[in-house]
Amino acid sequence: MARIKSIETGHYRIPLSVTLSDSTHGEITAFELITLRVRDTDGAEGVGHSYTVGRNGGAIADILRREVPPLVDGREADDTEAIWQHVWWGLHYGGRGGPTVLALSALDIALWDLKAHRASLPLWRLLGGFDHRVPCYAGGIDLDLPVEALLAQSDENLRKGFRAIKMKVGRPDLASDVARVRAMREHLGDGFPLMADANMKWTVEEAVRAARALTPFDLVWLEEPIIPDDVAGHARIIAAGGVPIAAGENLRTLWEFKNYIAAGAVSYPEPDVTNCGGVTSFMKIARLAEAFNLPVTSHGAHDITVHLLAACPNRSYLEAHGFGLDRYIAHPLELEDGKALAPARPGHGIEFDWQGLARLAA
Ligand SMILES: [Mg+2]
């Protein structure tokens, strides 16, 4: 028995080395990292985090500092499901999504990390253990890159060991998107796994038109064609567009994924462990997808998520996200033959450079 003794929250603003862009969030020059360190009465520690594309991190940090400690202090640290339920319902009226579920995600990740440390197991084995080699793609955030730079970025990703790539679409004119996808397909060759992400840019009919125009380029999937709130619209795009659809980085609960999956509105469910409710929710979503014979992919936080997909027989590709923490962690994600390797270290194995981060405190 070890009980939760303390939790410590950090909030940092991490500058990006290059400005990134997509169709909805515009130019992104920095992201926010919200960290949580949970210590138990035996002195063991687990670490979790969430992130934003640049705003609202203060709300997440405030929930973790103000609301969460009285809900978790003294509770049995291994009881991840009980703590998840207690915090979810404790914050439900003002929460049920938004910053609250991002805060809960960071807490839940920290508790699973702590549990895996206590068990001396890598997280992927604690969660079931399927295959530590996970197919992986480079997630480009590159809507405004000129075509030559887009192709050069792809060459750099190939050099790094990636064997699948995602690019942004959703430019002001569809012809420009089509030209860019064609250039990438010709550059990468037939059969190379290529995805495209519209970041919710289109209406349903625009998305159907785009999907049909992109059909000749054999995309693995088209991601987030429309707003996340339109479940029926997603189902129509799948039925009429002819391209598989990935969605989920803007869904926040198991039940939102259930609505999509049950409606035939998603081909590749794509939860983000840092905003869907943490490891506890991510694994339920992945198992739900398995029951519906769907592959599961992921968004963001690849250093944690590699463990989760390594525990799923229905895993598709892991996204290696553009907001990598490589400069602030001891062991960045390793690739081998296009596969990401879930590390054998106990827990999720992320060791933050706390001194380096302290200089970026928000
Ligand atoms: Mg996306």
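As the structure lists them, so they are numbered: ligands from 1, and atoms in each ligand from 1.
The shortest non-hydrogen separation linking A263 to A235 is O-CB, 3.8 Å.
Counting only protein N, O or S atoms closer than 2.8 Å to the Mg ion (ligand 1) gives 3.
Listed for the R252 side chain is a donor-acceptor partner under 3.5 Å among the backbone atoms of E249.
One distance of note links CG of L325 with CG of D353; it measures 11.5 Å at 0.5 Å rounding. Between T100 atom OG1 and L91 atom CG the span is 6.0 Å, to the nearest 0.5 Å.
Residues W124 and W112 keep their aromatic ring centres 6.0 Å or farther apart.
A cation-pi arrangement is absent between R209 and W202, since the terminal nitrogen or guanidinium carbon is not both under 6.0 Å from the aromatic centre and inside a 45° cone about the axis.
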